[in-house]
Amino acid sequence: MKTSTCPSCGAPVSFRSIASLYAVCEFCRSTLLRHGDEVENIGRMADLLEDASLIQLGSEGRYRGVHFAVIGRIQLKHASGLWNEWHILFDDGRSGWLSEASGEYVVSALVPVAEAIPAFESLAPEAAVTLAGRSFTVTDLETAHCIAGAGELPFKVESGYDVNTADLRGNDRFVTIDYSETPPLVFVGYPAKFDELALANLRPTREETGGVAIGAGGEFKVRAFNCPHCASPLTLHSPAIESVGCESCGSIIGVENENIRLLARAAQTVHEVPSLPLGSKGKLAGIAWEIIGFLKRRTTVDGIDYDWSEYLLFNAGGEGFAWLVEDQGHWNFARTLSEIPQAVRGQSEFAYQGEKYRLFNTGKAEVVYVAGEFYWRVSVGETCLAEDYVCPPTMLSREVSDREVTWSRADYLEADAVRQAFAPTLPLAKPIGVYANQPNPNGERHRRVCRQFWKFALVALVLQLAFVVVGAASTVLKHRIVFSPAQDEVTSPEFVLKSRARTLHVRHATDIDNNWLSLTTTLVDKNTGKSWLGMQEIAHYQGVDDGESWSEGDRGDDIVFKDVPPGTYYLEIDYELGSDRRTQVVDTVEVVRNAPGWSNYVLLMIFLVAFPLFTRWRNAAFETQRWSESSLAGDEGDDGEDE
Amino acid sequence: MVKGNLVAGLLALAFFSYAQYAGWNLFDKEASAQGARSSGSRLYHK
C-alpha cells in the first residue's frame, strides 16, 4: 500500500491497489492523480448523494472464498434511480467491481475484449451479442448520469457526465459494456446474493432527525415519512426502494437519498383494495416476507380487459425482493431470474435447466394501479410486452420495454398456502378455471393407474400362459368323416376320457363349397348312455362378381360340451346336406379336451385398459381446459400432454 | 381412482382365473346335457 499526502489539505491518501490511478481525498474531496510516488490535484469531486446503501469505503466481504475490501465508489443515477459501483480489492491483488442496484448485487471485473464492440445505438433489448466466443443477450440499456466518486478508482471519474451502459446476460454471466471510453470497457461478472458476500464493517448506526437510520451491523431500519400530497404515513423498508405509491391519494413519490419528491400527484382515480393488505407479514417456504408494494396490471385482448394483481415482497434477512402474483384466484410466487433463458421473442418453446417450456401467453401489460414501495420509478401507464412460458407448475415470464428485458420465474402456489402464510382478514378470491401453470392433479394419478395396468396385464398374461401350458389341453379324437347325400347319420370311433373334462371342444372342418350343412352332434357315454346334444349350421358360398371375388360364411364350426365326466364316448352325428349342390362333404372332426380360450383374456384386457383410458381422458381434459385460456388458443388446437 | 383400479383389477384377475379354470366362454356354442339313452339308437329323426 502506498500512502501519499493530499496536496490540497495535507490529509493522508492511500493507494492500496496498483490499479488505482486516482483517489478522492475523503476530507477535501480533491481528485488526485497518482504519478509514481507523487499525486496531482486535478480538481474537486462533487459530493455524493446521501443514499441508504449499507456498503461504505472500508467494508469487507468474501466472494468465492477470497476476501475483499471496498476501496472506491462511483455513484450513478438513471431513470429508475440511483446505483453504486463499488471498487473492490481482493487479497490476491486483483481488483474488481461490486455493483449494487435495485437490491441486486453483481461482482465483475474489467475484461479485455479483442473483437469490436457493437455501437450503443445499434443495441436493443434482447439483441444477441458475441463476446469472446460467448453469446449474450442485451437486457438493459441505460444512459447513466455520474454523480460522484470516492476512494480509489482506476480511472478518472467526472461528476455530471453521462455514460451509456449496456447490461447483457448469458447463461450465468453478467456483462456490462461501459461506453464512456473508446474502445468501450467490458466488465464481466456473476450475480451474488447479499448474504453470500458476508459483508462486514457496513455503515454504522447514525441518529439523525428525519434521516436514514441504519442499525448496527448494517441492519436497515424502516423509515417513516408522510405523503407530500395528503400527509398519509408511508414507509421505506429497503435502501433499494426508489418510489412509493400512496394508498390514500394515489400519488407516486420518488425516493432519492434523504429527499422525497412527488412524481405523480393523485395519478389514480380508482382506489383498489388488495386482497393482502400492505404491511402483511408471513412465511413462505420458511422465509419471512412482508408485503410492501401492490400493483394492478392489465392486458387487453379483443377489447376485453384482463387484470391481475402483483404484490412486492421484501425480506430483510438478505433474500431481497420477490413477488406474489394473483390472477383469477390463482397464486404464483415469482422471483427475477439471474440466468436468463436462450429464447427469441415469440419462440413457441425452449428448454431451460432441463425442462421444456411452451409459450402460453403474449401481450402488452400495463400498470393501472400502484400502492406501496417499489425498487424502480414505477408509474401508472407504464407498459411492456409480456410473454409467459409454462412448464407446470413453473412459469417463466419475459417482460420487454424500450430499454430493458427482464425474466422471472413463477411457481404455482395454492391459495391455502397464501392464506396460511398471511392470514388475510378478507376471503381470497376463489380460483376460476385452470391457470397457465397450475399443476395437473390427474397427471400423477394417470401415471399410477398406468403402472397398475401394466402390472395387471403382466399377471393376466402369466395366468393365461399357465392355463395354456399347464391346463393339459389334449386332442382325444381326430377323424375324417364323409357326409354323403345318400345318408343322414354318421358315428365316430370311440374315445376315452380318463378324467373329468371341464370342456370338450368338437371342431368340424369341412370342405363345403356353395352349400349348407346342418349338424346335430350327440356326445354319447357308451356305458351310461348319458348324452349331450349340440346343433350347428355350417354354410359357405363364394363367387366372382364383375371380376371381384366374394365369399360368405365359414367352412367350420365348434361346439363345446361342458363338465364331461370320465368314460368312453363316441359322437353320433345326424346331418342334412343342402340341396344347392348334391356332392359329398368331407369333414375332419376333432375333439379337444380343456382347450384354452383366449377370448376371456381379451375381455379382461379390455376391462383393465378402461381405467388408464379414463384417467388419460381426464388428464387430457384438464390440459384442454388449461390451453383454452392461452392467448394462442385456436392457433395450435393442442389437446394437452401425454404420459 | 387408484385404489378403485387396484381393487377392480384384483377382482377381475380372480374372476378371470376362475372363468378360465371352469372353461367359461361367452362366444362358445354350448351343448346341453340329456338323459341316458340306449347305446346306438336314435331318439329323434327329422
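Every value quoted in this text rests on a predicted model; they were computed, and no experiment measured them. Chain letters run A, B, ... following the sequence lines, proteins first, then strands; residues in each count from 1. When reading the values below, keep in mind they use all heavy atoms of this one structure, side chains included, and skip hydrogens, waters and symmetry mates.
Residues B/Met1 and A/Thr615 meet the side-chain proximity criterion, which asks for heavy atoms closer than 4.5 Å.
Between B/Phe16 and A/Gln464 the shortest heavy-atom distance is CZ-OE1, 3.3 Å. Contact record, A/Asn600 with B/Ala19: ND2-CB, 3.9 Å, taken as the closest heavy-atom pair. Taking both residues in full, the closest heavy atoms of A/Phe611 and B/Ala8 are given as CZ-CB, 3.5 Å, listed atom of the first, atom of the second, then distance.
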Test B/Asp28 against A/His505 for side chain to side chain contact (heavy atoms under 4.5 Å, CB included), laying out the working first. CA-CA 9 Å; B/Asp28 277 346; A/His505 277 77; 3.6 Å; yes

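Taking NZ from B/Lys3 and CZ from A/Arg448, the interatomic distance works out to 9.0 Å, rounded to the nearest 0.5 Å. Here the CZ-CZ distance, from B/Phe15 to A/Phe607, works out to 10.5 Å after rounding to the nearest 0.5 Å. In this structure, CG in B/Asn5 is found 5.5 Å from CZ in A/Phe456, a value given to the nearest 0.5 Å. Taking NZ of A/Lys455 as the reference point, atom CG of B/Leu6 lies at 9.0 Å (rounded to 0.5 Å).
Looking only at heavy-atom pairs under 4.5 Å with chain B, the residue among A/Leu603, A/Leu463, A/Asp563 that has the most is A/Leu463.
Of the residues listed (A/Asp557, A/Val560, A/Asp558), the one engaging B/Lys29 in a side chain to side chain contact (heavy atoms under 4.5 Å, CB included) is A/Asp557, and it is the only one.
Only the side chain of A/Leu604 comes within less than 4.5 Å of a heavy atom in chain B; its backbone stays farther off. There is no contact between A/Leu504 and chain B, counting heavy-atom distances below 4.5 Å. B/Tyr21 touches chain A through backbone and side chain together, each having a heavy atom under 4.5 Å away. Looking at A/Tyr601, both its backbone and its side chain come within 4.5 Å of chain B, counting heavy atoms on both sides.
A distance-only check finds no donor-acceptor pair linking the side chain of B/Asn25 to the backbone of A/Ser599 [under 3.5 Å].
Counted within 6.0 Å of CZ on A/Arg618, heavy atoms from surrounding residues, nucleotides or ligands total 12 or fewer; the atom is thus considered open.
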